[in-house]
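Here is the structure we will look at, set down as structure tokens.
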Amino acid sequence: PSIALWFNAAIASALILTGGNDVDPALYRSANTHSRGLSPLRDTFEGRLFDWALERGTRILGICRGFQFINARLGGTLVQDLSLVSEPHEARGLHHVELDEAMSLTLNLGRSHSVDSRHHQCALDANLAPGLRVWARAGSVVEAFHLPGRALAAVQWHPESPKSEPALSGALAGALRDGTVFWRAP
């Protein structure tokens with residue numbers, strides 16, 4: 001069936017692109033040097049869903065692979081192996097992210113939060129798609145972004161994990177549910 005039929009049948013108010021295998025570097029016009037477990041069929045299906053939802057203003061949240069996929073789909077690239085980043089960064093398990101001041105105030109939260117990650121691809125500022133605004137980092141690694149004027153945000157960590165800080169996870173879930181913060185109508 002067409003994406004429109006599937007999406008309408010689901011009566012979706014939001015699209016959540018979840019974690020999983022690596023994003024195929026072909027999506028961002030790069031050779032595969034370190035990516036693994038690729039799923040071109042998933043990339044194609046999620047690409048159609050993403051385009052359809054973005055065009056209609058449906059709220060979109062990317063989590064882990066979803067973060068990477070959205071960045072690539074909008075014209076960004078990825079570091080295919082986190083170990084290639086010069087500073088140490090924990091790709092599996094708990095680590096800290098720093099929210100920028102504006103997002104800390106908007107979400108009424110502190111700046112530093114403990115989150116659970118399971119990834120080996122990442123994005124740095126130089127890899128981001130045009131227009132994306134970073135609102136959380138772990139050193140030089142971008143951990144969260146949104147697209148101003150569109151109902152779209154993405155996080156590199158797993159807010160659904162019980163190991164991720166509940167206050168931050170709850171603020172994200174509440175904002176997605178209520179259509180606030182990143183998901184406000186433009």
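Values in this document were obtained by computation on a predicted structure and should not be read as measured data.
- To the nearest 0.5 Å, the span separating CG on Leu78 from CZ on Phe69 amounts to 11.0 Å.
- The pair Asp125-Arg137 counts as a salt bridge, with a side-chain nitrogen and a carboxylate oxygen less than 4.0 angstrom apart.
- Ser104 OG to Leu99 CG: the interatomic distance, rounded to the nearest 0.5 Å, is 6.0 Å.
- Considering NE2 of His146 and CD1 of Ile70, their distance stands at 13.0 Å, rounded to 0.5 Å.
- Across all their heavy atoms, Ala31 and Pro25 have their closest contact at O-CB, 3.8 Å.
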Notebook entry, point to check: Does the pair Arg65 and Glu46 meet the rule for a salt bridge (charged side-chain N to carboxylate O under 4.0 Å, His left out), with working shown?
Noted result: CA-CA 11 Å; Arg65 180 194 191 278; Glu46 287 187 351; 2.8 Å; yes
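- Closest of all the heavy-atom pairs between Arg42 and Gly20 is NH1-CA, 3.6 Å.
- Residues Gln156 and Gln121 share a closest heavy-atom pair of OE1-O, 3.9 Å.
- A single hydrophobic cluster is not seen to contain both Leu17 and Leu38; linkage of ILVMFWY side chains at heavy-atom distances under 4.5 Å, directly or through other members, places them apart.
- Counting only heavy atoms from C-beta outward, the side chains of Val85 and Cys122 approach each other to under 4.5 Å.
- One finds no salt bridge joining Arg73 and Asp43 here, because no Lys/Arg side-chain nitrogen approaches an Asp/Glu carboxylate oxygen to under 4.0 Å.
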Next item on the list: Let me see the working for Ser112 and Val97 under side-chain contact (heavy atoms from CB on, under 4.5 Å), right down to the final yes or no.
Entry: CA-CA 6 Å; Ser112 182; Val97 298; over 6 Å; no
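- Ser164 contributes a side-chain N or O that, together with a main-chain N or O of Asp116, makes up a donor-acceptor pair within less than 3.5 Å.
- Taking the side chain as every heavy atom from C-beta outward, Ile63 and Pro159 approach each other to under 4.5 Å.
- Note that CH2 of Trp157 is 8.5 Å distant from NE2 of His113, once rounded to the nearest 0.5 Å.
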Notebook entry, point to check: Can you list the steps and then say if Leu128 with Val134 is a side-chain contact (heavy atoms from CB on, under 4.5 Å)?
Noted result: CA-CA 9 Å; Leu128 283 182; Val134 176; 3.2 Å; yes
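- Between the side chains of Glu165 and Ser114, not a single donor N or O lies within less than 3.5 Å of an accepting N or O.
- Although no hydrogens or angles enter the test, the distance criterion places a donor-acceptor pair under 3.5 Å between the side chain of His120 and the main chain of His34.
- In terms of heavy atoms, Ser30 sits closest to Gln80 at CB-NE2, 4.3 Å.
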Next item on the list: Tell me, with the steps shown, if Asp81 and Arg36 meet salt bridge (charged side-chain N to carboxylate O under 4.0 Å, His left out).
Entry: CA-CA 10 Å; Asp81 189 341; Arg36 53 187 186 241; 5.2 Å; no
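- Atoms CZ and CG, on Arg177 and Leu61 in that order, are 13.5 Å from each other to the nearest 0.5 Å.
- Here Leu147 contributes atom CG and Leu54 contributes atom CG; the two are 7.0 Å apart, rounded to the nearest 0.5 Å.
- A donor-acceptor pair is defined here as one N or O able to donate and one able to accept, closer than 3.5 Å; such a pair exists between the side chain of Arg56 and the backbone of Trp52.
- Taking hydrophobic clusters as Ile, Leu, Val, Met, Phe, Trp and Tyr residues chained together by side-chain heavy-atom distances below 4.5 Å, Phe45 shares a cluster with Tyr28.
- Shown here for Leu176 and Ala14, the closest heavy-atom pair between the two residues is CD1-CB, 4.0 Å.
- Residue Val181 comes nearest to Ala175 through the heavy atom pair CG2-CB, 3.9 Å, listed as atom of the first residue, atom of the second, then distance.
- A salt bridge does not link Asp100 with Arg111: every distance from a Lys NZ or Arg NE/NH1/NH2 to an Asp or Glu carboxylate oxygen is 4.0 Å or more.
- Using modelled atom types and a 3.5 Å distance limit, the side chains of Ser117 and His158 yield no donor-acceptor pair.
- If you run side-chain contact (heavy atoms from CB on, under 4.5 Å) between Asn71 and each of Thr77, Val142, Leu132, only Leu132 comes through.
- Two residues are said to be in side-chain contact when any heavy atoms from C-beta on lie closer than 4.5 Å; Phe50 and Leu74 meet this criterion.
- Note on ring orientation: taking the six-membered ring where Trp is involved, the planes of Phe145 and Phe67 are tilted (angle from 30° to 60°).
- By the neighbour-count criterion of 12 heavy atoms within 6.0 Å, atom CG of Asn108 is sparsely surrounded, having that number or fewer from other residues, nucleotides or ligands.
- A donor-acceptor pair is defined here as one N or O able to donate and one able to accept, closer than 3.5 Å; such a pair exists between the side chain of Asn127 and the backbone of Leu124.
- The cationic atom of Arg133 (NZ for Lys, CZ for Arg) does not lie both less than 6.0 Å from the six-membered ring centre of Trp135 and within 45° of the ring axis.
- Residues Leu84 and Val141 fall within the same hydrophobic cluster, defined by Ile, Leu, Val, Met, Phe, Trp and Tyr side chains chained together at heavy-atom separations under 4.5 Å.
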